[in-house]
Amino acid sequence: MKIAVGCDHGGLEHKNAIAEHLKERGFEVTDYGIYEQKSVDYPEIAQKLCDGIVNGDNELGILVCGTGIGMSIASNKVKGIRAAACSEHFSAKYTRLHNNSNVLCLGGRVIGVGTAIELADLFVDTQFEGGRHQRRIDMITDIENK
Ligand code: RB5
């Protein structure tokens, strides 16, 4: 599976650790940066990564900013993206199972690196359940298309 990662200055350490971990697990990881500690505008990173999901370059994305919230708000403006800001295990799992989320957003100032790696693992290892949940995803897509 191809996975994209990205961050702003609030999530560099977490993003690098997640990228390294997922590569060690055998995933093909595309890193949208940043690559060094500097202040950047998170919507730019979110848009680039999300465009790559929508056009099929990558299947899932993981974005890290200070809270995970800015990245998730920006990501959810991109048609076809379902982004979830998560800081605990249950949500990271169920946003795949029920929401078929394709982008996980994490807060580098909210959770530690170890938790971030565990949430990333849960997210990429969990499959969408489909069934009644697909109907609800279709309803979200209808809203998006209005
Ligand atoms: C940057 O200081 C911070 O606002 C950003 O990382 C993020 O937390 C936004 O939601």
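One-based numbering, in listed order, for ligands and for the atoms of each.
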### Task
Check whether any side-chain heavy atom of R82 sits under 4.5 Å from a side-chain heavy atom of N100, and report yes or no.
yes
#### Entry: Nearest heavy-atom neighbours spanning E144 and K79
OE2-CA, 3.4 Å
#### Entry: For R109, side chain to side chain contact (heavy atoms under 4.5 Å, CB included) partners two or more places apart
H9
### Query
Do NZ/NE/NH1/NH2 and the carboxylate oxygens of D125 and R96 come within less than 4.0 Å?
no
### Task
With sequence neighbours excluded, tell me which residues meet ring pair (Phe, Tyr, Trp, His ring centres under 6.0 Å) with Y94.
F90, H98
Show me, pair by pair, the donor-acceptor contacts under 3.5 angstrom made by side chains of residues 60-70, not counting sequence neighbours?
unit_1	atom_1	unit_2	atom_2	d
T67	OG1	I69	N	3.0

Would you tabulate the polar-atom pairs, meaning N/O of ligand 1 against N/O of the protein, with distances under 3.5 Å, reported to 0.1 Å?
unit_1	atom_1	unit_2	atom_2	d
ligand 1	2 (O)	H9	NE2	3.4
ligand 1	2 (O)	R109	NH1	3.4
ligand 1	6 (O)	D8	OD1	3.3
ligand 1	6 (O)	D8	OD2	2.6
ligand 1	6 (O)	G66	N	2.7
ligand 1	8 (O)	G66	N	3.2
ligand 1	8 (O)	T67	N	3.0
ligand 1	8 (O)	T67	OG1	3.3
ligand 1	10 (O)	T67	OG1	3.2
ligand 1	10 (O)	G70	N	2.8

